[in-house]
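To start, the structure under review is shown below, and the notes come after it.
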Amino acid sequence: MEQGWIDLHTHTTASDGSLTPTQLVEAAISIGLEAVAVTDHDTTDGVEEAVTAGENLGIRVVPGIEISAQIGRGTLHILGYEIDPGERMFAAWIERLKQARRDRNPKIIRNLQAMGIPIELEQAEMKAGGGVVGRPHIAEALLDIGAVSTIQEAFDKYLDASSPAYEQKFRYEPADAFQLILGAGGIPVMAHPGQTRRKGDDLYNLVAELKAAGLGGIETYYTHHTPAQCALYMELADKFNLIQTGGTDFHGHRKREIQLGWGKGNLRVPAQFLQPLDERVALIRGN
Ligand code: AMP
Ligand code: FE
Ligand code: FE
Ligand code: ZN
């Protein structure tokens with residue numbers, strides 16, 4: 001059989017991607033992918049539309065999410081695959097994450113206003129177009145009013161964790177995020193381990209700790225992973241009996257350098273990753 005390709009890490013207008021779920025599915029078909037996962041930040045609002053589009057257009061859509069969890073003073077992104085977005089406990093826990101954004105965003109806006117920038121929360125909400133509002137939308141609003149000349153400048157000057165207008169928001173511990181994903185029938189996966197900047201024993205111990213807390217997989221293939229990183233994460237997957245996943249982190253025009261299914265140019269994720277995922281889903285659901 002010919003090798004097929006998939007993309008298990010994408011964002012839609014439900015969070016900070018620029019394609020609607022239907023447009024994303026259409027794009028996945030147009031480049032010949034066998035499957036695409038929708039993994040919006042802290043929301044599954046795009047999943048239903050994408051799954052329906054996938055059924056109509058004939059491509060597998062994997063329901064997913066990307067949850068920002070807390071480790072120490074940093075962030076760990078956790079992907080959840082094949083979750084049932086309607087599961088009650090899951091839906092309630094996700095609502096808490098959305099509330100955390102509704103609590104945080106006005107604080108960032110107030111900080112910016114206190115710095116003399118004439119920005120309103122509604123401007124960021126407009127950018128999100130009804131989706132979950134995040135810092136990328138605030139950055140775009142800052143660009144629109146001419147407070148900065150690039151999105152990067154908005155983060156560097158105002159929105160980065162070390163920047164003056166930044167505000168923390170509530171986040172789950174990884175162990176809680178794992179339980180919430182497992183409880184919704186899904187598989188928790190460590191997103192882009194390269195972003196932890198951990199290496200050697202630090203990384204090994206972190207993965208060991210996460211595995212003990214319920215981690216099921218690791219995103220070995222990722223746009224910004226070097227071949228050496230990819231090889232290292234594959235070794236860890238093997239060592240800890242974790243499944244491998246891979247994706248581009250496609251955001252549409254919000255991250256122009258990243259193409260669906262290709263990342264920055266040469267990333268291809270093999271469709272063979274789906275079978276171990278399906279096997280593990282069957283295992284945790286007991287069938
Ligand atoms: P939020 O979840 O609202 O705190 O926003 C986080 C999102 O902002 C991430 O998913 C990135 O897409 C984006 N982001 C975070 N830091 C930066 C940065 N330094 N430059 C550009 N985008 C960033
Ligand atoms: Fe994002
Ligand atoms: Fe992420
Ligand atoms: Zn992402």
Side-chain angles (χ1 to χ4, degrees), residues 7-19 24 37-43 45-46 64-71 73-81 94 96-109 111-112 121 124-125 127-129 131-143 148-172 174 177 181 188-197 217-225 233 245-258 260 263:
D7 191 337
L8 297 180
H9 191 154
T10 72
H11 297 265
T12 75
T13 47
S15 67
D16 58 347
S18 67
L19 299 190
L24 174 81
V38 176
T39 56
D40 279 305
H41 298 289
D42 297 342
T43 182
D45 289 348
I65 192 165
E66 182 175 25
I67 295 174
S68 304
Q70 183 84 34
I71 42 166
R73 290 168 59 208
T75 302
L76 180 75
H77 286 182
I78 295 163
L79 295 156
Y81 291 115
I94 293 306
R96 184 157 182 210
L97 293 177
K98 291 187 187 165
Q99 187 57 46
R101 286 175 179 277
R102 289 194 286 267
D103 294 340
R104 176 202 66 171
N105 293 334
K107 290 188 200 163
I108 296 180
I109 298 294
N111 292 343
L112 290 166
L121 182 59
E125 287 171 344
K127 288 290 171 192
V132 158
V133 183
R135 285 179 287 157
H137 305 112
I138 301 176
E140 281 170 25
L142 287 168
L143 186 62
V148 294
S149 46
T150 62
I151 296 293
Q152 196 52 56
E153 187 187 345
F155 274 95
D156 293 346
K157 254 183 154 160
Y158 300 114
L159 301 173
D160 256 355
S162 57
S163 303
Y166 179 77
E167 291 282 346
Q168 283 278 2
K169 63 176 160 37
F170 166 79
R171 293 192 223 122
Y172 291 113
I181 290 165
V189 171
M190 183 183 190
H192 40 63
Q195 252 180 46
T196 63
R197 294 176 191 283
I218 182 165
E219 189 176 46
T220 54
Y221 286 42
Y222 183 71
T223 296
H224 300 292
H225 287 166
Y233 305 142
T245 70
T248 57
D249 216 348
F250 175 72
H251 280 68
H253 77 64
R254 286 213 170 81
K255 292 190 181 174
R256 281 184 196 285
E257 71 285 8
I258 299 174
L260 184 66

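Read the numbers this way: they start at 1 and go in the same order the structure lists the ligands and their atoms. Every value quoted in this text rests on a predicted model; they were computed, and no experiment measured them.
In summary, D249 places no N/O/S atom under 2.8 Å from the Fe ion (ligand 3), failing the contact criterion. Here H9 does not reach the Fe ion (ligand 3): none of its N/O/S atoms is less than 2.8 Å from the metal. Not a single N/O/S atom of H11, whether from backbone or side chain, sits less than 2.8 Å from the Fe ion (ligand 2).
With F170 as the aromatic partner, R96 meets the cation-pi criteria of under 6.0 angstrom to the ring centre and within 45 degrees of the ring axis.
Atom CZ of R254 is separated from atom CD of E140 by 4.0 Å, given to the nearest 0.5 angstrom. Rounding to the nearest 0.5 Å gives a distance of 11.0 Å between CD1 of I67 and CG of L76. The structure places CD1 of I94 at 3.5 Å from CD1 of I65, a figure rounded to the nearest 0.5 Å. Once rounded to the nearest 0.5 Å, the distance linking NE2 of H77 with CD1 of I71 reads 10.5 Å. Once rounded to the nearest 0.5 Å, the distance linking OG of S15 with CZ of R101 reads 8.0 Å.
Its N, O or S atom nearest to the Fe ion (ligand 3) is what matters here, and for E66 that atom is OE2. For H77, the N, O or S atom closest to the Fe ion (ligand 3) goes by the atom name ND1. For D16, the N/O/S atom at the shortest distance from the Fe ion (ligand 2) is named OD2.
Side-chain contact check for T248 and D7: at least one donor-acceptor pair (N or O, by modelled atom type) lies under 3.5 Å. In this structure, a donor-acceptor pair under 3.5 Å is absent between the side chains of D16 and H137.
For H192 and H225, the distance between ring centers is not under 6.0 angstrom.
Contact annotation: for D16 versus ligand 1, heavy atoms closer than 4.0 Å belong to the side chain alone.
Side-chain contact between L97 and Y172: present, with at least one pair of heavy atoms (C-beta onward) separated by less than 4.5 Å.
Listed by atom number, the atoms of ligand 1 under 4.0 Å from G134 heavy atoms are 3 (O). Close contacts of ligand 1 with R104, meaning ligand atoms under 4.0 Å from a residue heavy atom, involve 1 (P), 3 (O), 4 (O). The contact set between ligand 1 and Q152, taken as ligand atoms under 4.0 Å from a residue heavy atom, comprises 19 (N), 20 (N), 21 (C). Near P136, with a cut-off below 4.0 Å to any heavy atom, the atoms of ligand 1 are 5 (O), 7 (C), 8 (O), 13 (C).
Looking at atom 13 (C) of ligand 1, its nearest protein heavy atom turns out to be F155 CZ, 3.6 Å.
Residue D160 has at least one N or O atom closer than 3.5 Å to an N or O atom of ligand 1. In terms of polar-atom proximity, defined here as any N/O pair under 3.5 Å, R101 does make such a contact with ligand 1.
Across K255, H41, R135, heavy-atom proximity to atom 10 (O) of ligand 1 is greatest for H41.
The aromatic rings of Y222 and H9 lie tilted to each other, with the angle between the two planes from 30° to 60°.
Angle subtended at the Fe ion (ligand 2) by H41 NE2 and H251 NE2: 110°, rounded to 10 degrees.
Not close to ligand 1: S68, with no non-hydrogen atom less than 4.0 angstrom away.
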